[in-house]
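This structure is a prediction, so every number in the text was calculated from the model and none was measured. Index from 1, following the sequence.
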Amino acid sequence: MESISILLADPTAWVALATLIAMEVVLGIDNLIFISVLTNKLPEEERPRARRIGIGAAMFLRLGLLTTVAFIVQLTEPVFSVLDHGFSWRDLILIAGGLFLVWKATMEVHHHVDPEPGPDALNPSVTANVAAVIGQILLLDMVFSIDSIITAVGMTPHIPVMVAAVVVSVIIMLVA
């Protein structure tokens, strides 16, 4: 409990929290768009329930991913060396995350400039039932959350700040 009170008194933790909330909301817009597209395949009366369940389950999935990545980046002991430079699990996660962000940005740019886009891999057609839609929501949220998770872990070492940012941003998205 003492560490939480220290965080509450730390202005850098508040700045990190505000920044992470803003980032989560901005990066969460694409999640909401896909959730809307997916749930619109359902009958009208099932849509609100599927949205709430999908977004809630996605939040717990994101918190699990966040906790796992936050734990892994604390592993700073070198696991191997290349040219007298040691690489830890933290280094490998940050390198992989950076490469993922470069790939994702490249795909976004390519998607916007390609004069003849192919089929959209992010909108597969499936039989619309609540379980299938929630499964797709979780899968899409996992893919779309990797960038925000890596950014959050790189921005602050405080897991409570990261968790609070995710929870607040999901509440904002549910209310919006």
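- Applying the salt bridge (charged side-chain N to carboxylate O under 4.0 Å, His left out) test to residues at least two apart or on different chains, the pairs with a partner in residues 55-65 are E24-R62, R62-D141.
- Interatomic distance, M59 CE to L66 CG, rounded to the nearest 0.5 Å: 12.0 Å.
- If you chain together hydrophobic residues whose side chains sit under 4.5 Å apart, V15 and M23 never meet in one group.
- Surrounding CZ of F60 are at most 12 heavy atoms belonging to other residues, nucleotides or ligands under 6.0 Å away.
- In terms of the side chain to side chain donor-acceptor pair (under 3.5 Å) criterion, residue partners of R47 (sequence neighbours excluded) are, by chain and number, E44.
- Side-chain contact between L17 and V168: absent, with no pair of heavy atoms (C-beta onward) separated by less than 4.5 Å.
- A salt bridge (charged side-chain N to carboxylate O under 4.0 Å, His left out) check over residues 7-23, counting only residues at least two apart or in different chains, returns nothing.
- Heavy atoms only, all atoms of each residue included: A165 and I21 are closest at CA-CG1, 3.7 Å.
- Judged as a side-chain contact (heavy atoms from CB on, under 4.5 Å), and not counting sequence neighbours, the contacts of I53 are R49, I134.
- Listed by first and then second residue, the side-chain hydrogen bond (donor to acceptor under 3.5 Å, both in side chains) pairs involving residues 158-174 amount to none (not counting sequence neighbours).
- Considering all non-hydrogen atoms of both residues, P78 and G86 come closest at CB-CA, 4.0 Å.
- Applying the side-chain hydrogen bond (donor to acceptor under 3.5 Å, both in side chains) test to residues at least two apart or on different chains, the pairs with a partner in residues 77-88 are S88-D91.
- No continuous path of hydrophobic side-chain contacts links M162 to V26 [ILVMFWY only; heavy atoms under 4.5 Å].
- Taking both residues in full, the closest heavy atoms of L42 and A50 are given as CD1-CB, 3.4 Å, listed atom of the first, atom of the second, then distance.
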